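Take a look at the structure below.
Bear in mind the structure is a predicted one, so any value in this text is a computation, not a measurement. Each chain gets a letter, A, B and so on, in the order the sequences are listed, and its residues count up from 1.
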Protein chains: 2
Amino acid sequence: MIITRQADYAIRCVLFLASKPVGIATMIGEIADSMGIPKSFLAKILQRLSKAEIVSSIRGVRGGFVLKRDVSDINLLEVIQSIDGPVAINRCAIDKHICGRSCNCSVHPIWIKLRALIQDYLSAVTFDKLVDTKGSIGTQKISLEGEIYGQRLSVR
Amino acid sequence: MIITRQADYAIRCVLFLASKPVGIATMIGEIADSMGIPKSFLAKILQRLSKAEIVSSIRGVRGGFVLKRDVSDINLLEVIQSIDGPVAINRCAIDKHICGRSCNCSVHPIWIKLRALIQDYLSAVTFDKLVDTKGSIGTQKISLEGEIYGQRLSVR
DNA sequence: TGAAAGAGGATATAATTTGTCCTGTTTATG
DNA sequence: CATAAACAGGACAAATTATATCCTCTTTCA
């Protein structure tokens, strides 16, 4: 599982904030209630999004969260990585030293390439491609995105 | 993490059996010792590989395991899936019902496509491309394989 | 018939993920 | 300036998953 539930929450959270008027801070409670995420769990997630400079936090009375950047400048990969750390296929794709056999393991290059493949795909999906498509799965916008890698990659 | 340690063991195990002369059964103990895998854990893994018809088991005295098919007819995806079940990016990519929001979730198609991408990549890697490359990471054979998806996917 | 070898269920251990709680800090506002 | 609202962050608890072990059963060769 590449994407944990935490990362999934984070993505929905960014999506939710993206739907709010610019400049208006939204409180944790409101996001949590709307998206069905445990409030104190979401607080942790927002802390990480904040450290990754994806959202800005406003403390004190009338505080909350806002997106720190334009939706077109936030992509799925960074949101996921801000929560889960490096996206990985397996341990040795991140750190060679974990697997002592890496240096003479013929499978290792496969993991490296697959990882790059996934990262490229996810980093190409910016949030402007995700907002405003409610109820319309498989819009041209998204389909186009999928075609980066050609027809073979269509959904089976 | 797409690939668990179990699946990693399974891959090495297939690789090990591929290096053995055809028709000679290898005992669990020998594989386990050679590859540094706990013996009784490996037994479970081999059971699954056997159910997936990737290896054949021979019971009784002088029993053991042999590959059931030619290495060119075994690919990474099926070995991984025989152990870990369906390769997944997240839960909703496997089962829509897990995530109630799927039907109006704009991210869902992304997971579906990424999953297909990964499956296509892994199923294209057959074991004939993995054997006989010891100590030569990045042979032309493997590099070629990676180029299915073009230059952008080179290792970063 | 006995020993070698895999089959498979039950159970234990460890790691990770998910979630909660509590105290501290910041800040608008009366 | 006091207070209440809101986030920050550490510690901890619960649940889930992954890893590993053990024991008994069945198969099969010699």
Margin query: I'd like to know if A:K20 and A:E30 make a salt bridge, using a cut-off of under 4.0 Å between side-chain N and carboxylate O.
Written below: yes
Next item on the list: State whether a side-chain donor-acceptor pair under 3.5 Å links A:T126 with A:N75.
Entry: no
Checklist line | Min side-chain heavy-atom separation B:F65-B:T26 under 4.5 Å | finding: no
Checklist line | B:T4, nearest nucleotide to its side chain (from D:dA18, D:dA6, C:dA5) | finding: D:dA18
Check: Is any NZ, NE, NH1 or NH2 atom of the basic residue among A:R69 and A:E78 found under 4.0 Å from an Asp or Glu carboxylate oxygen of the other?
Finding: yes
Note to self: Pick the closest DNA chain C nucleotide for A:D84 and for B:G29 by heavy atoms, then say which residue is nearer the 5' end.
What the structure shows: B:G29
Note to self: What contact category does B:I58 fall into here, base, sugar-phosphate, or nothing, at under 4.0 angstrom with non-hydrogen atoms?
What the structure shows: sugar-phosphate
Margin query: Taking the minimum atom-to-atom distance to the side chain of A:R5, which one of D:dC7, D:dT19, C:dG19 wins?
Written below: C:dG19
Check: Other than B:V22, what residues sit in its cluster of Ile, Leu, Val, Met, Phe, Trp and Tyr side chains whose heavy atoms are under 4.5 Å apart, directly or through others?
Finding: none
Margin query: Below the 4.0 Å mark, does D:dA8 have OP1 or OP2 next to a side-chain nitrogen or oxygen of A:S57?
Written below: yes
Note to self: For a quick check of understanding: with a heavy-atom distance under 4.0 Å over all strands, which category does A:I28 fall into, base, sugar-phosphate or nothing?
What the structure shows: sugar-phosphate
Next item on the list: Using modelled atom types only, decide if a donor and an acceptor are shared between the side chain of B:R115 and the backbone of B:I89 within a distance under 3.5 Å.
Entry: no
Checklist line | nucleotides 20-30 of chain C: protein proximity per nucleotide (B base, S sugar-phosphate only, - neither; heavy atom, under 4.0 Å) | finding: B---BBBBBS-
